[in-house]
Student: 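Handing you a structure now.
For clarity, every value in this text was computed on a predicted model and none was experimentally measured.
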Amino acid sequence: MAEAPRLDVPGAVTAPGTSAPSHTDAPFTPGPRPPAAAPGATDRPAARGADAATGPATTPDRASGGRARAGVRVVPAWLWGVPPVVVLALVFLYPLALVVQQSLTPENGGGAFDAYVSVFASHGFREALGTTVWLAVGATVGCLVLGFALALVIAFVPFPGAKGVAKFIDVFLSFPSFLITLALLFIYGTVGMANGVWSDLTGAADGPFHFLATPWGVLLAEITYFTPFVMRPLLAAFSQLDTAQLEVASSLGARPARIVRRVILPEALPALAAGGSLVLVMCLNEFGIVLFTGAKDVTTLPMLVYGKAILESDYSAACVVAVVNIAISVGLFGLYRVVSKRAGA
């Protein structure tokens with residue numbers, strides 16, 4: 001029986017009875033090389049099959065997801081500004097427009113600016129405008145002087161409780177203005193503590209302190225209440241002042257007054273300007289202090305609006321005074337913003 005051929009080397013057939021040629025003896029015949037595998041590809045057929053199976057399945061998902069995200073409707077940026085504008089228009093702009101309209105339409109008829117002419121020509125308006133301006137300017141100057149002196153002591157004179165006083169100033173800013181006026185009435189009022197002590201010491205029936213019902217009492221109350229509004233930016237400015245400048249000036253023999261004038265004051269000018277502008281705006285519109293002091297002879301623009309609208313029922317004149325007051329307040333507020341921006345507040 002013939003012996004079947006045997007395969008010893010892949011691709012080589014050995015005849016029966018002969019030995020298979022060795023690998024070293026067989027001549028080398030170059031053949032075509034297989035293509036190089038792509039980077040990251042695997043030689044396992046199962047893995048390539050898995051990739052081939054999952055590749056077509058995941059690509060449409062990613063493509064469909066991209067189309068879904070691209071199809072999302074984006075809200076225009078200007079549309080987000082509509083709700084606050086509508087609320088602002090209903091709460092503020094519409095009432096303001098009614099005030100301006102009422103000032104231009106007198107109840108007794110006539111031209112649009114007849115109410116303005118009548119109000120501007122009245123002695124009461126000119127007196128109220130002058131009183132408002134000098135009280136606001138006087139209170140601002142007093143707050144600047146007193147606030148600068150107190151801020152210097154708190155910032156540069158070490159004493160126990162300095163931090164507590166600085167924190168109390170922050171709390172003081174939240175107090176209502178009538179509370180300060182009420183405290184001054186308890187001290188300097190007609191039946192206040194000062195008059196009571198004077199009566200006890202001298203036996204007089206009445207004390208000498210009756211200035212709260214005068215413009216000076218209003219001025220004192222406004223300075224007392226608005227001084228912390230100047231101190232707060234000053235303390236912030238003093239906290240950023242380089243103390244090495246003070247030490248160098250002191251080592252060179254400069255006296256405290258010269259150090260304050262040449263070193264501290266130039267650094268505090270922006271904060272003083274910002275705080276003074278804010279106090280000027282608030283004093284211009286102050287109503288509660290004047291009302292609670294009971295100063296009947298002190299008539300400011302807010303008090304004139306109150307008198308025209310509530311006591312005299314002259315709404316056209318009241319709206320004219322209100323428009324003038326708003327115009328001055330907006331102008332001063334614009335000044336305050338400019339000064340604050342330059343001061344970095």
Student: Can you find a heavy atom in the side chain of Phe120 that is under 4.5 Å from one in the side chain of Val324?
Tutor: yes
Student: Hey, could you give me each pair passing side chain to side chain donor-acceptor pair (under 3.5 Å) that has a residue in residues 78-97? Not counting sequence neighbours.
Tutor: none
Student: Going from CG on Leu144 to CE on Met231, what distance comes out if it is rounded to the nearest 0.5 angstrom?
Tutor: 12.5 Å
Student: Are Tyr188 and Leu291 connected, step by step, through hydrophobic side chains (Ile, Leu, Val, Met, Phe, Trp, Tyr) whose heavy atoms are closer than 4.5 Å?
Tutor: no
Student: Leu219: which residues meet the side chain to side chain contact (heavy atoms under 4.5 Å, CB included) condition with it, sequence neighbours left out?
Tutor: Trp134, Leu135, Ala139, Trp216, Ile223
Student: Quick one: list whatever passes side chain to side chain contact (heavy atoms under 4.5 Å, CB included) with Pro83, sequence neighbours left out.
Tutor: none
Student: Is there a side-chain contact between Leu104 and Tyr116, using heavy atoms and a 4.5 Å cut-off?
Tutor: yes
Student: So, Ser251 side chain and Val248 main chain: donor-acceptor pair closer than 3.5 Å or not?
Tutor: yes
Student: Establish whether Leu173 and Leu234 are linked, either directly or via other cluster members, by ILVMFWY side-chain heavy-atom contacts under 4.5 Å.
Tutor: yes
Student: Measure the spacing between OG1 of Thr131 and CZ of Arg126 and express it to the nearest 0.5 Å.
Tutor: 12.5 Å
Student: Mind checking side chain to side chain contact (heavy atoms under 4.5 Å, CB included) for Val330 and listing every partner two or more places apart, or none if nothing turns up?
Tutor: Ile326
Student: State, with a plain yes or no, whether a side-chain heavy atom of Ile180 is found less than 4.5 Å away from one of Phe172.
Tutor: yes
Student: Taking atom CZ of Phe229 as the centre, report whether more than 12 heavy atoms of other residues, nucleotides or ligands fall under 6.0 Å from it.
Tutor: yes
Student: For residues 297-316, which side-chain N or O atoms pair as donor and acceptor with protein atoms under 3.5 Å away, sequence neighbours left out?
Tutor:
| unit_1 | atom_1 | unit_2 | atom_2 | d |
| --- | --- | --- | --- | --- |
| Lys308 | NZ | Glu312 | OE1 | 3.4 |
| Asp314 | OD1 | Ala317 | N | 3.4 |

Student: Can you name the residues that form a side chain to side chain contact (heavy atoms under 4.5 Å, CB included) with Ala237, not counting sequence neighbours?
Tutor: Ala271
Student: Which heavy-atom pair separates Cys143 from Val279 by the least distance, and what is that distance?
Tutor: SG-CG1, 4.1 Å
Student: Got a second to check how far Phe209's CZ is from Ile187's CD1, nearest 0.5 Å?
Tutor: 11.0 Å
Student: Is the closest side-chain heavy-atom distance between Ile169 and Leu150 below 4.5 Å?
Tutor: no
Student: Treating Ile, Leu, Val, Met, Phe, Trp and Tyr as nodes and any side-chain heavy-atom pair under 4.5 angstrom as an edge, say whether Val290 and Leu179 lie in one connected cluster.
Tutor: yes
Student: Once ring-ring contact (aromatic ring centres under 6.0 Å, His included) is applied, do any residues pair with Phe178, and if so which ones, sequence neighbours excluded?
Tutor: Phe292
Student: Once ring-ring contact (aromatic ring centres under 6.0 Å, His included) is applied, do any residues pair with Phe238, and if so which ones, sequence neighbours excluded?
Tutor: Phe156
Student: I need the Arg255 CZ to Arg262 CZ distance, nearest 0.5 Å.
Tutor: 15.0 Å
Student: Rounded to the nearest 0.5 Å, what's the gap from CD1 on Ile289 to CG on Leu212? Could you check?
Tutor: 11.5 Å
Student: As a quick check of understanding, evaluate side chain to side chain contact (heavy atoms under 4.5 Å, CB included) for Phe148 and Val260, giving each step before the final call.
Tutor: CA-CA 11 Å; Phe148 183 72; Val260 171; 4.0 Å; yes
Student: In terms of hydrophobic clustering (I, L, V, M, F, W, Y; side-chain heavy atoms under 4.5 Å; direct or indirect links), are Phe175 and Val230 co-clustered?
Tutor: yes
Student: Transitive ILVMFWY cluster of Trp198 at side-chain heavy atoms under 4.5 Å: who else is in it?
Tutor: none
Student: Is the side chain of Ser122 donor-acceptor paired with the backbone N or O of Val119 at a distance under 3.5 Å, no angle test?
Tutor: yes
Student: Under a single-linkage definition using a 4.5 Å side-chain heavy-atom cutoff for Ile, Leu, Val, Met, Phe, Trp and Tyr, are Val153 and Leu272 assigned to the same hydrophobic cluster?
Tutor: yes
Student: Is any side-chain heavy atom of Pro208 closer than 4.5 Å to one of Asn195?
Tutor: yes
Student: Set out, in order, the CA-CA distance, both residues' side-chain angles and the distance that settles side chain to side chain contact (heavy atoms under 4.5 Å, CB included) for Thr132 and Asn325, then state yes or no.
Tutor: CA-CA 10 Å; Thr132 303; Asn325 200 0; 5.8 Å; no
Student: Any side chain to side chain donor-acceptor pair (under 3.5 Å) pairs touching residues 165-177, not counting sequence neighbours?
Tutor: Asp170-Arg232, Ser177-Glu286
Student: I need the minimum non-hydrogen distance between Gly276 and Thr140, along with the two atoms involved.
Tutor: O-CG2, 3.4 Å
Student: Rounded to the nearest 0.5 Å, what separates atom CG in Asp114 from atom OG1 in Thr105?
Tutor: 11.5 Å
Student: Among pairs that include at least one residue of residues 263-285, which meet side chain to side chain donor-acceptor pair (under 3.5 Å), considering only residues two or more places apart or in two chains?
Tutor: Asn285-Ser329
Student: Scan residues 141-157 for pairs that pass side chain to side chain donor-acceptor pair (under 3.5 Å), counting only residues two or more places apart or in two chains.
Tutor: none
